There are 4 protein chains.
Amino acid sequence: MPLTQDQLAEIEAQRGQTTPTLRATAPGMENRLYTAHPVLDHGLIRVIDYMGDDAAICQAARVSYGTGTKSVSNDEGLIRYLMRHWHSTPFEMCEVKFHVKLPVFVARQWIRHRTANVNEYSARYSILDREFYIPAPDALAAQSTVNNQGRGELLEGEEAARVLDILKTDAARAYDNYEAMLSTEGQKGLARELARMNLPANIYTQWYWKTDLHNLFHFLRLRADVHAQYEIRVYAQVMCEIVADWVPLAYKAFADYRMGGVNLSATAMDCVRRMLKGETVTQENSGMSAGEWREFEGVLGSG
Amino acid sequence: MPLTQDQLAEIEAQRGQTTPTLRATAPGMENRLYTAHPVLDHGLIRVIDYMGDDAAICQAARVSYGTGTKSVSNDEGLIRYLMRHWHSTPFEMCEVKFHVKLPVFVARQWIRHRTANVNEYSARYSILDREFYIPAPDALAAQSTVNNQGRGELLEGEEAARVLDILKTDAARAYDNYEAMLSTEGQKGLARELARMNLPANIYTQWYWKTDLHNLFHFLRLRADVHAQYEIRVYAQVMCEIVADWVPLAYKAFADYRMGGVNLSATAMDCVRRMLKGETVTQENSGMSAGEWREFEGVLGSG
Amino acid sequence: MPLTQDQLAEIEAQRGQTTPTLRATAPGMENRLYTAHPVLDHGLIRVIDYMGDDAAICQAARVSYGTGTKSVSNDEGLIRYLMRHWHSTPFEMCEVKFHVKLPVFVARQWIRHRTANVNEYSARYSILDREFYIPAPDALAAQSTVNNQGRGELLEGEEAARVLDILKTDAARAYDNYEAMLSTEGQKGLARELARMNLPANIYTQWYWKTDLHNLFHFLRLRADVHAQYEIRVYAQVMCEIVADWVPLAYKAFADYRMGGVNLSATAMDCVRRMLKGETVTQENSGMSAGEWREFEGVLGSG
Amino acid sequence: MPLTQDQLAEIEAQRGQTTPTLRATAPGMENRLYTAHPVLDHGLIRVIDYMGDDAAICQAARVSYGTGTKSVSNDEGLIRYLMRHWHSTPFEMCEVKFHVKLPVFVARQWIRHRTANVNEYSARYSILDREFYIPAPDALAAQSTVNNQGRGELLEGEEAARVLDILKTDAARAYDNYEAMLSTEGQKGLARELARMNLPANIYTQWYWKTDLHNLFHFLRLRADVHAQYEIRVYAQVMCEIVADWVPLAYKAFADYRMGGVNLSATAMDCVRRMLKGETVTQENSGMSAGEWREFEGVLGSG
């Protein structure tokens, strides 16, 4: 994450200057503001702004005139209740804005979350930097043989070296040719909106991304999950740490009910009840398919 | 707008205490925060929180590391450009949260704007206050004879008195009966979620309502417009004043391009071009229907 | 649900005339089209149009050139997989449009689901009919003493009679006065957009409501649930029956994973694992609050 | 657009079989269904399904029991009125679903329109085809010297040849290496979700994309506009032709009020009024910046 001296100076300047405000302020988030949290080899996440704190969730749930806080233990109980019973609107009353630098193939997954506001750096208007994601050795995995959209063992030795060489060489050549096509030395120079088509999906882009806490939790549940692709999961994990500092009570409820929580189907729940009564339940008498049964055993920790 | 002593004290407390923040701060909005701006006879609008300022719009448009401000005149030019060319995403990077008290029939129009977050006071859970909107004499208008969804002349004398008497008497009786049904004195007491069905549409409700600046502008363009119903327009007008203090450059561009701006159809634009060449254009040779022509004349100020 | 002769004739006409189409057609839904399904005392639900069927969900999931159907058993497995793993986008590829007549206080709950398209009958523009929801005896319940937003025992005898009398009398008088204010006999007549404020929340309104299958499932999970208010739940239940005819495989997966499914927190899941190992788990050693433990016992069927 | 024999057979099969339906049917759209409309060198647009027609817009606007059609001329007047006065909800009552094959850099612009449903072919799960967009000679343009996000003159001769050679060669090599990394011959084979990062932005992807008519019009206004990038504009233009066949009255109103319509700011409208009174208005006394004045002259056709 090679920030330039100018960029570091801009961040420094932003962190150096406080203003008094009447608004709700979250100390844990003030500590995070503007700082570049590194992700992957050249990526970053920065908090640019936020609105609200744990108390703001309660204040909205109560539609109150004041701050909505009665006591921390009251607030914690209310927040857990809201989370448990899927009352999502009070969580929508907190908002956060991030500056994110990320590879294009990650951006393409990310953007599928539609309830958010986005301003992306425009490669129609500007020239992209020469920065590409090249996986670290412990991220260079083979195709899974059991899961069509997953990874298996790590690549090793010669194969790993060959792959890294391809990724680096192709990226370098694509960028060299991008520059060559754009160049106006002795030629007209191709339009930026066309030249960019030569760039591979591991080039870095960046955007401002703003969303509310409810939709952020939905994003994090899917993208910090073990089934998410590693390259987006690391972004989600950094965001989890940031959110834990911002709204500690809400994050704790989220971790318990959503991230760590489990959905059991009517059929699966029926099996649990039978097992608790001492019955021996197997896939054959469970009513589940082989795949569902395997997932069920995983959840019970009995697989 | 009879706030109780407790409510006033809560507002006072909120306004009394500043905290240092690293976030973008809008001085014009800090002045507005928490204060109850009265609307209609018992309604109010309060700003509860906000995110961003004029510079934040530019910062997002530039996807910049720093504050995004180059100079005020640069920022103003960029904001006008963005507004003129319908680049809406940078305006989405500002967010605002209001506490609003409003009659139910106004709330029903308001909620049709879907891109917003809402927490409404629940009449399933709580008991509503005895507060009803009764129009002031200058809002007591007859049905328009030319516009099915508009108002004509003011009602006067006996008819006005009769209408006010009906509205007051029916509201009072409905509320008395609401209380009588809820009462647990010598009876079980009807469920709140049922008893509320007896209350008329001029009873006041309240909610927290949060939206981004782009969607707020869309709301204001439709609801501060002269064709909007008076009872929602007065809320929109107060919000216009608040937004003008919050993001003065963006509001000015909005006022010029949206509120004061005009949409001309291809047909109408063609008429303008012909008129500028000296041709006499009438409804007959305009290609417009009588209704469209009337609106066109209104826009030209030649009607 | 007293449809007029004209309305019945219009429905009859719509049901009488088929056209050949190349589109995916769901036989179970063709049987439902246009017919008025009665709900409450004067309400109704009618299917006006639909897009897609079970195969369309698979077709979209596979981004296929053809119909996407391989075999019914393949499709069922895929649909269950998509539902289990929260792959919501293929379900968004089906769409349905309803005509609904419903009391205003039900409409106010319903509209909180924002991802839908709505056209409501306008009381600014038109005059509402004299139709009010009056609860049947088995829906006339007292306020719950344990749940602030729920119902307890039924009202009986004199109290029930008194409540019904209030609801009927107040509705009748409110409507009489609505008409009196609107009347242009010997007076100007109040604007419709003002007169409507006198009408209570049990008056019927109607709208066209269109949404996709994913968002409809979300609506049904919340509104067909036992905790939903009875007056909206009966609408949701009728829609469940309709959806079961339209997309039988998707509905079955929804019933198993969502309607009948259960969310267990990390803490609760840990308790289940401990119980399956033979440990005696009580509220005290569960890590749950009293309220959560009660809900947990309810889920296990051991409460 | 080299469809395989299997794909053509599947399309043929879909077009060969009609079913009777009670739903509203648009003859112009039935003619379009399933057929692959070619776009660019390997792209396509196919209509997969639709809901509603011109009459359905009126039916929703009237919240009617029957079909909503009174007469074609009545319907046309109503549709024009709705479009002119920004009554968008009736247009949301029509829905359409497309199958689109498009280069990734076009897909990235397209997806910014959030109010739509999307299922994209997954390169995590599947292997992409070897198909790349290579511009035709008349699309190979230089960077504009006056507009940062636009094109200028065409490239010619040697420069054009060099660019085409780069694009073809780099695409071929990137794809060869993609296959080499995926290969399991004598090696483990890189995970698909990683290998895809080597592919450039001109590779083709495909998706199912579903939206309502109001949001489609918004998309078309921005993307069929002369300022849109050529490579997305050609998709928008094909969709315009399809929509004109589907809902001819709505499309005509859209073409007049939106596509061909003009937004004038309060300042610009004031200048028009002054000019119509015979005053000589120049940039200096117009109140507009140089850029705005140039655009204004363009609109008046006097530039």
Side-chain angles (χ1 to χ4, degrees), chain C residues 3-4 6-11 13-25 27 29-30 33-34 36 46 48-52 56 59-67 87 89-97 99 115-122 126 205-208 210 212 214, chain D residues 3-4 6-11 13-25 27 29-30 33-34 36 46 48-52 56 59-67 87 89-97 99 115-122 126 205-208 210 212 214:
Chain C
L3 290 177
T4 65
D6 280 5
Q7 289 163 349
L8 287 168
E10 289 191 279
I11 293 173
Q14 287 176 310
R15 281 209 56 82
Q17 180 183 351
T18 65
T19 319
T21 186
L22 291 164
R23 289 173 290 172
T25 301
M29 201 64 157
E30 293 285 334
L33 269 171
Y34 306 126
R46 300 168 61 217
I48 296 299
D49 210 340
Y50 69 93
M51 174 191 280
Q59 181 193 36
R62 297 187 180 114
V63 194
S64 59
Y65 278 83
T67 54
H87 291 283
T89 56
F91 297 102
E92 296 175 16
M93 288 289 153
C94 293
E95 189 90 10
V96 63
K97 180 161 52 179
H99 175 195
T115 312
N117 311 114
V118 188
N119 276 279
E120 185 173 356
Y121 189 85
S122 168
S126 308
T205 183
Q206 43 187 309
W207 62 32
Y208 271 52
K210 170 172 156 286
D212 64 63
H214 167 67
Chain D
L3 289 178
T4 65
D6 280 4
Q7 288 164 348
L8 287 168
E10 289 192 280
I11 292 173
Q14 287 177 310
R15 282 209 55 81
Q17 179 183 352
T18 65
T19 318
T21 186
L22 291 164
R23 289 173 291 171
T25 300
M29 200 63 157
E30 294 285 333
L33 268 171
Y34 306 126
R46 300 169 61 218
I48 296 300
D49 210 341
Y50 69 92
M51 175 192 280
Q59 181 193 36
R62 296 185 182 116
V63 194
S64 57
Y65 277 82
T67 56
H87 290 283
T89 56
F91 297 102
E92 295 175 15
M93 289 288 153
C94 292
E95 189 89 11
V96 62
K97 178 161 54 180
H99 175 195
T115 312
N117 312 113
V118 189
N119 275 280
E120 185 172 357
Y121 190 84
S122 168
S126 307
T205 183
Q206 43 186 309
W207 60 32
Y208 272 52
K210 170 172 156 286
D212 65 63
H214 167 67

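All chains are named by letter (A, B, ...) in the order of the sequence lines, taking the proteins before the strands, and each is independently numbered beginning at 1. Hydrogens, waters and symmetry mates are skipped; everything else that's a heavy atom, side chains included, is used. Nothing here was measured: the structure is a model prediction, and the numbers come from that model.
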Practice task
State which residues pass salt bridge (charged side-chain N to carboxylate O under 4.0 Å, His left out) with Glu95(C); sequence neighbours excluded, sorted by chain then number.
Solution key: Lys210(C), Lys210(D)
Practice task
Using modelled atom types only, decide if a donor and an acceptor are shared between the side chain of Tyr208(C) and the backbone of Ala61(D) within a distance under 3.5 Å.
Solution key: no
Handout entry: Least distance between heavy atoms, Lys97(D) atom then Ala56(C) atom
Key = NZ-CB, 4.0 Å
Completion exercise
When every non-hydrogen atom of Ala60(D) is compared with those of Asn119(C), the smallest separation belongs to O-CB, 3.4 Å
Fill in the blank from the handout: On a heavy-atom basis, the closest approach of Arg23(C) and Met51(D) is NH1-CA, 4.4 Å
Completion exercise
Nearest heavy-atom approach of Thr25(D) to Thr19(C) is OG1-CB, 3.8 Å
Exercise for the section: Determine the option with the most heavy-atom pairs under 4.5 angstrom with chain D, choosing from Ala9(C), Pro27(C), Ala24(C), Ala13(C). Expected result: Ala24(C)
Problem - Candidate pair Met93(C) and Ile48(D), rule side-chain contact (heavy atoms from CB on, under 4.5 Å), full reasoning - result: CA-CA 10 Å; Met93(C) 288 289 153; Ile48(D) 296 300; over 6 Å; no
Completion exercise
Which of Thr18(D), Leu22(D), Thr21(D) passes side-chain contact (heavy atoms from CB on, under 4.5 Å) with Thr21(C)? Answer is Thr21(D)
Completion exercise
Note: vs chain C, highest number of non-hydrogen pairs under 4.5 angstrom among Glu120(D), Met29(D), Arg46(D), Gln17(D) is Arg46(D)
Problem - chain C contact via Tyr50(D) - which portion, at a heavy-atom distance below 4.5 Å - result: both
Exercise for the section: Flag the one option from Asp212(D), Asp49(D), Leu8(D) with the top tally of heavy-atom pairs under 4.5 Å to chain C. Expected result: Asp49(D)
Practice task
Only counting residues at least two apart or in another chain, list the ones meeting ring pair (Phe, Tyr, Trp, His ring centres under 6.0 Å) with Phe91(D).
Solution key: none
